[in-house]
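Just passing along the structure, written as structure tokens.
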Amino acid sequence: MSFYVIPTPDQASIPVRSGGAFPVRRVYCIGRNYAAHAVEMGHDPDREPPFFFQKNPDNLTSDGTFPYPSQSSDVHHEVELLIALKSGGRDIPVEQALEHIWGYAPCLDMTRRDLQGTAKKMGRPWEIGKAFEASAPTGPLESVAEVGHLDQGRISLQINGDTRQSGDLNQMIWKAPEMIAYLSRYFELAAGDVILTGTPAGVGPVDKGDVIDVEIDGLLPLQVKVT
């Protein structure tokens, strides 16, 4: 019988509003999924094939704080809708994709923009700018049974009461079913996978002491303090 030679790491999870926790297996993040954000990042807003990067499961945090990371002096906020999957598979048809969603949560894709920018210029992966500790503060997960499927409604972010990002979920270039179907062509999706669905325009820097407020219609708000 096999045994582990070190203590078993904690299971990454997201608290569920109605009780319990959702165990996280993988974290997929789509890039430039709102046209206005693509423009502000210097790219063509036309519908191009989607691309994804990954964060680590334990990057997801739920304690209401974001510790400003080391090795960066330009950390940006990106408000996103998180999708949590209850099942998966390969080559999932778009028409069946929504059947695999357990629920939704508000989330932040915090980004060490200076390090990401350097990686882009050198043609290197983005993980150094994206997949660092506590880089995905997340609100409580709410089930489809409670909130339905979220495909429209306001998504916004304020810093110290000042609105920085504001858009609508219906402005996503690639919709939730399309993202799930596309990912399943290249990966075998499974229960516990989550997808960060992109951010509207208005991304910008945060400073220590800032209070970030996230609102997505249909979900409980998320508040995070930069420490």
Side-chain angles (χ1 to χ4, degrees), residues 10-34 37 47-62 78-109 127 130-131 135-155 167-200 214-220 222:
D10 292 337
Q11 169 65 57
S13 64
I14 304 170
V16 174
R17 179 183 182 183
S18 58
F22 181 91
V24 178
R25 190 182 83 113
R26 294 179 183 171
V27 182
Y28 299 98
C29 310
I30 190 170
R32 299 196 295 267
N33 199 31
Y34 288 73
H37 175 57
R47 184 176 161 106
E48 60 182 11
F51 72 94
F52 292 84
F53 58 92
Q54 287 184 273
K55 286 181 179 280
N56 301 307
D58 63 358
N59 294 160
L60 297 167
T61 60
S62 57
E78 298 189 13
V79 58
E80 310 213 1
L81 175 69
L82 179 149
I83 296 173
L85 301 186
K86 63 181 179 181
S87 56
R90 294 180 183 271
D91 298 317
I92 297 170
V94 171
E95 299 77 16
Q96 299 174 13
L98 289 179
E99 300 172 11
H100 296 277
I101 298 177
W102 190 91
Y104 301 91
C107 189
L108 289 166
D109 170 20
E127 279 74 14
K130 290 285 191 178
S135 60
T138 303
L141 193 63
E142 301 187 59
S143 70
V144 169
E146 295 170 314
V147 301
H149 285 295
L150 303 182
D151 56 8
Q152 61 181 351
R154 188 168 184 259
I155 176 172
D168 195 290
L169 297 176
N170 65 17
Q171 296 169 340
M172 288 184 193
I173 298 170
W174 293 89
K175 312 303 184 185
E178 295 172 314
M179 285 185 269
I180 293 169
Y182 185 90
L183 279 169
S184 73
R185 291 164 53 189
Y186 296 92
F187 304 93
E188 183 169 359
L189 300 180
D193 289 347
V194 303
I195 302 170
L196 274 61
T197 58
T199 193
V214 169
E215 293 186 3
I216 298 177
D217 283 354
L219 299 176
L220 287 176
L222 166 66

Q.
Could you check whether any side-chain heavy atom of Thr197 comes within less than 4.5 Å of a side-chain heavy atom of Met172, counting everything from C-beta outward?
A.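 They are in side-chain contact.
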Q.
Run Tyr34 and Arg32 through side-chain hydrogen bond (donor to acceptor under 3.5 Å, both in side chains) and show every step you take.
A. CA-CA 6 Å; Tyr34 288 73; Arg32 299 196 295 267; over 6 Å; no
(Q) So does Pro93 get a backbone contact from the side chain of Gln96, meaning a donor-acceptor N/O pair under 3.5 Å? (A)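 Flag not set: sc Gln96 to bb Pro93 has no pair under 3.5 Å.
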Q | Contact summary for Val79 and Pro200, nearest pair of heavy atoms | A |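 Residues Val79 and Pro200, closest heavy atoms: O-CD, 3.7 Å.
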Q: Search all heavy atoms of Leu219 against all heavy atoms of Ala105 and return the closest pair with its distance.
A: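 Heavy atoms of Leu219 and Ala105 come nearest at CD1-C, 3.7 Å.
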Q) Are Lys130 and Glu78 ion-paired here, with the side-chain N under 4.0 Å from a carboxylate O? A)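 Salt bridge flag = yes for Glu78 with Lys130.
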Q: Look at atom CD of Glu142 and say whether more than 12 heavy atoms of other residues, nucleotides or ligands are closer to it than 6.0 Å.
A: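 Counting other residues, nucleotides and ligands, CD of Glu142 exceeds 12 neighbours.
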Q: Enter the distance from Arg26:CZ to Leu183:CG here, rounded to the nearest 0.5 Å.
A: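 Interatomic distance, Arg26 CZ to Leu183 CG, rounded to 0.5 Å: 10.5 Å.
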Q. Would you say Asp168's side chain and Asn170's backbone share a donor-acceptor pair under 3.5 angstrom?
A.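 Checked: pair present.
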Q) Run the side chain to side chain contact (heavy atoms under 4.5 Å, CB included) check on Asn33 and Met179 step by step: do they pass? A) CA-CA 10 Å; Asn33 199 31; Met179 285 185 269; 3.9 Å; yes
Q.
Working to the nearest 0.5 angstrom, can you tell me the gap between Trp174 CH2 and Phe51 CZ?
A.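 Taking CH2 in Trp174 and CZ in Phe51, the distance rounds to 12.5 Å.
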(Q) I want to check something: taking the side chain as every heavy atom from C-beta on, are Glu80 and Leu108 in contact at a cut-off of under 4.5 Å? (A)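 A side-chain contact under 4.5 Å is absent here.
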Q) Are Asp217 and Arg154 ion-paired here, with the side-chain N under 4.0 Å from a carboxylate O? A)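 Salt bridge absent between Asp217 and Arg154.
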Q | Short side-chain to backbone donor-acceptor contact, Gln11 and Val24, under 3.5 Å | A |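 A pair under 3.5 Å: yes.
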Q.
side chain to side chain contact (heavy atoms under 4.5 Å, CB included) for Asp10 and Asp58? Distances and angles first, verdict last.
A. CA-CA 9 Å; Asp10 292 337; Asp58 63 358; over 6 Å; no
(Q) Show, in sequence, the C-alpha distance, side-chain angles and deciding distance for Asp109 and Phe53, and conclude whether the side chain to side chain contact (heavy atoms under 4.5 Å, CB included) test is met. (A) CA-CA 11 Å; Asp109 170 20; Phe53 58 92; 3.7 Å; yes
Q: Would you please classify the geometry between the Phe22 ring and the Trp102 ring as parallel, tilted or perpendicular, with 30° and 60° separating the classes?
A: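 The arrangement is tilted - the two ring planes meet at 30° to 60°.
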Q | Spatial distance of atom CG (Leu169) from atom NZ (Lys175) [nearest 0.5 Å] | A |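 Taking CG in Leu169 and NZ in Lys175, the distance rounds to 9.0 Å.
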Q.
For Ile92, is there any backbone N or O sitting under 3.5 Å from a side-chain donor or acceptor partner on Ser184?
A.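 Such a contact is found between Ser184 side chain and Ile92 backbone.
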Q. So which heavy atom on Lys86 is nearest to which on Glu99, and how close?
A.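 Result for this residue pair: CE-O, 2.9 Å.
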Q) Where do Ser87 and His100 come nearest, in terms of heavy atoms and distance? A)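 Closest approach of Ser87 to His100, heavy atoms only: OG-ND1, 2.7 Å.
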Q) How close do Ile30 and Pro50 get, heavy atom to heavy atom, and via which atoms? A)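 Distance-wise, the nearest heavy atoms are CD1-CB, 3.9 Å.
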Q) Under the side chain to side chain contact (heavy atoms under 4.5 Å, CB included) criterion, do Thr138 and Leu222 qualify, and how do the steps go? A) CA-CA 7 Å; Thr138 303; Leu222 166 66; 5.8 Å; no
Q) Do Phe187 and Tyr28 have ring centroids that are under 6.0 Å from one another? A)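 When the ring centroids of Tyr28 and Phe187 are compared, they turn out to be within the sub-6.0 Å range.
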Q | Heavy-atom side-chain contact between Lys55 and Cys29 under 4.5 Å | A |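 Side chain of Lys55 against side chain of Cys29, heavy atoms only: contact under 4.5 Å found.
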Q. Quick one: which of Leu141, Ile101, Leu98 gives a side-chain contact (heavy atoms from CB on, under 4.5 Å) with Ile83?
A.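 The side-chain contact (heavy atoms from CB on, under 4.5 Å) with Ile83 is passed solely by Ile101 among Leu141, Ile101, Leu98.
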Q. Do the non-hydrogen side-chain atoms of Val27 and Asn59 ever get within less than 4.5 Å of each other?
A.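 Counting from C-beta outward, Val27 and Asn59 never come under 4.5 Å.
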Q.
If you compare all heavy atoms of Ile216 against all heavy atoms of Leu81, which two are closest, and at what distance to 0.1 Å?
A.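 What the structure gives for the nearest pair is CD1-CA, 3.9 Å.
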